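Structure record follows, encoded as structure tokens.
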Amino acid sequence: MSQVRVRFAPSPTGFFHIGSARTALFNWLYARHTGGVFILRIEDTDKERNSEAFLNLIYESLNWLGLNWDEGPKVGPSGGGDFGPYRQSERGAIYQDYIGKLLASGRAYEKDGAIWFKLLGERYKIFDEHRKKEVEKVKIAPVVIEDQIRGRVERLEDEDFVIVRSDGNPVFHLVNVIDDIAMEVTHIIRGEDHLSNTSKHVLLYEGFGVKPPAFAHIPLILKSPEMGQGKMSKRDKGALIEEYQKRYFLPEALVNYLALLGWNAGDDREKMPIAEIVKLFDLPGVNQSNAKFDGKKLANMNMTYLLEQPADRFVALARAHFAAEKNSAVASAPEDYFREVMLLSQPKIKSIDELGVYSGYFFSDNFPIDAKVREKVLAKGDPKARLAELIAWIEGANLPTDAIIEEGIKTLAAKGGLGFGDYQAVARLALSGTNVGPSITGMIRVLGRDRVQTRLKNFLAGLA
RNA sequence: GUCCCCAUCGUCUAGCCCGGUUAGGACACCACCCUUUCACGGUGAGAACCGGGGUUCGAAUCCCCGUGGGGACGCCA
């Protein structure tokens, strides 16, 4: 069997969103699964709405997601190929060639300055109620689409349609089909919103005397119930890939989540390495029904990946995040200290961008105190006495490990017939201003004696 | 309005093709356990076959009709 060739064909007219990423992913997965070729083709024929910024965003997002292309515009290690150019704006001559063929064979004709594709069949005129005008219809047999995911779909086409606008620019249907023929694409994997275009495309293939490739229309990604109705759009919260990149989500977590939207391993497994997904992915396994986007499940997936990250990568991601935030307090912190703080926080967060709020107090003595927590903690026991004892204790205490710190506080507590918990809450409040965070022993160890003592003293002073 | 696609817990889904399950898992939610806060983790609970007809001894599973959801109906892509 000949090699599978699939393509992802975005147009640089808007932000790169979840739906596009999922379509790209499914194409990429199928190429990798079959040992085929993944082509990136840029459909930039809409001069009005194109922009270089959006084009770069496509490259950047695909790279970030790890969806490298074998053929396409040359960007970094991806791209190149023998079927270029891969930007439609540079393929004008090829289109002219194909249009010439259609004109010569009588399958296309000029009218009103535009070029129309001609349906072959009995013609009749009818008044279209919906469009309020008389239109010419053509009787042809229903177009049959053999879809790898949906099975056999029939659609009726009954009008000639424009393939080249009166301004000379060929329309999407035409260039799409020409490129897929010229690039020898074997499988067209795209969103279900294109299913109703496909009958036109099949007709065009026939017009060129070419057997259509296999079609696979994948389900759409819909808004989650809280976002409303309909398909996910660029304006919806969480729709943009850029957003996850900026929040330092792990791309492999996003890819894993996206793979699960409309596909599954056939068993209960969800979290899987990409190699495993590549191995198992196949077109017949793709679902037919649309899926609603669930940001919470994505966040959970990201957390499970975050938890198992090696320390070096986690710290590097955190470093990049804070650098992007231009957080000067963090930037000036010693590398070792930064690392310790991050590793203390790693098991506690759902995404990297929570680190700022979660660990800010490690880098500045001027941290906010949660008023509600303060009230609650101070209402219990004798916090002033506990703080005073801790201050006295820490003066001569050894703080090298969590275990030793824990032992120290327990010993201190035992003297007064108290428990560890009697010190934990107030110390945490004084040290971090809140009641959530890493273990108090870890917090004390990483902050170090000087900071701990200063903060405890300052806080106690503030109570007088 | 016309055409096309789809239909299992709130959400993602397994089961459907090749009818017989206490309809399974995950996220979310709730409770409990663990615990040094918050998480993680563990245990448990609640939660679904859209409706109606067929076919059949038997239907989530096969067929039809409704209903609902989605998409497409541009000289946009």
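Letters A, B, ... are given to chains in the order of the sequence lines, protein chains preceding strands, and every chain is numbered from 1. Because the structure is a prediction, the values reported are computed rather than measured.
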Spell out yes or no: do the side chain of A:S196 and the base of B:C3 have one donor N/O and one acceptor N/O closer than 3.5 Å?
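Per atom types, no contact qualifies.
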
Indicate, yes or no, whether a donor-acceptor pair under 3.5 Å links the base of B:G25 to the side chain of A:E270.
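Checked by distance alone, the answer is yes.
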
Tell me whether the rings of A:F172 and A:H194 are parallel (<30°), tilted (30 to 60°) or perpendicular (>60°).
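Ring orientation of A:F172 relative to A:H194: tilted.
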
Which label fits A:F117 and A:F161: parallel for a plane angle under 30°, tilted from 30 to 60°, or perpendicular past 60°?
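Because their plane-to-plane angle lies in the 30° to 60° range, the rings of A:F117 and A:F161 count as tilted.
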
Which whole-number value in Å describes the distance from [X] [atom1] to [N] [atom2]?
X	N	atom1	atom2	result
A:H217	B:A72	NE2	C1'	11 Å
A:L298	B:C12	CG	C1'	12 Å
A:I218	B:A72	CD1	P	14 Å
A:M232	B:C12	CE	C1'	14 Å
A:L220	B:A7	CG	P	14 Å

Let's see if you can work this out: which of [options] has an atom nearest to the side-chain heavy atoms of [X]?
X	options	answer
A:R150	B:C5, B:A28, B:A72	B:C5
A:Q288	B:C6, B:C75, B:A28	B:C6
A:V171	B:G71, B:A28, B:C75	B:C75
A:K297	B:G25, B:A77, B:U37	B:G25
A:P225	B:G71, B:U11, B:C75	B:U11
A:R428	B:G71, B:A14, B:U36	B:U36
A:S439	B:C5, B:G71, B:U37	B:U37
A:K348	B:C27, B:U37, B:A77	B:U37
A:R155	B:C38, B:A72, B:C3	B:C3
A:D268	B:G70, B:G24, B:U37	B:G24

From CA spacing to verdict: salt bridge (charged side-chain N to carboxylate O under 4.0 Å, His left out), A:D160, A:R123
CA-CA 10 Å; A:D160 292 350; A:R123 287 174 183 262; 3.0 Å; yes

Considering only NZ, NE, NH1 and NH2 on the basic side and carboxylate oxygens on the acidic side, decide whether A:E243 and A:K237 come within less than 4.0 Å.
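Salt bridge between A:E243 and A:K237, a charged N being under 4.0 Å from a carboxylate O: no.
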
Are A:K118 and A:E157 close enough for a salt bridge, meaning some N to O gap below 4.0 Å?
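Salt bridge absent between A:K118 and A:E157.
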
When the [atom1] atoms of [N] and [M] are considered, how many whole Å apart are they?
N	M	atom1	result
B:G44	B:G58	P	37 Å
B:C9	B:G71	C1'	26 Å
B:A59	B:G53	C1'	13 Å
B:C18	B:C62	P	9 Å
B:G66	B:A47	P	33 Å
B:G52	B:G68	C1'	14 Å

Whether the side chain of A:S364 engages the backbone of A:G360 through a donor-acceptor N/O pair (distance < 3.5 Å, no angle test) should be reported.
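Pair absent, no side-chain N/O of A:S364 close to backbone of A:G360.
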
At under 4.0 Å, does any side-chain N or O of [X] touch on OP1 or OP2 of [N]?
X	N	value
A:R22	B:C12	no
A:N290	B:C5	no
A:N264	B:A14	yes

With nearest nucleotides of RNA chain B determined for A:G113 and A:N300 from heavy-atom distances, which residue corresponds to the more 5′ nucleotide?
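Its nearest nucleotide being more 5', the pick is A:N300.
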
Find which nucleotide of RNA chain B each of A:V153 and A:T45 is nearest to by heavy atoms, and output the residue with the more 5' nucleotide.
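First, find each residue's nearest nucleotide; the 5'-ward one identifies A:V153.
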
Give the C-alpha distance, both sets of side-chain angles, the deciding distance and a yes or no for ring-ring contact (aromatic ring centres under 6.0 Å, His included) between A:H17 and A:F293.
CA-CA 12 Å; A:H17 62 99; A:F293 176 79; over 10 Å; no

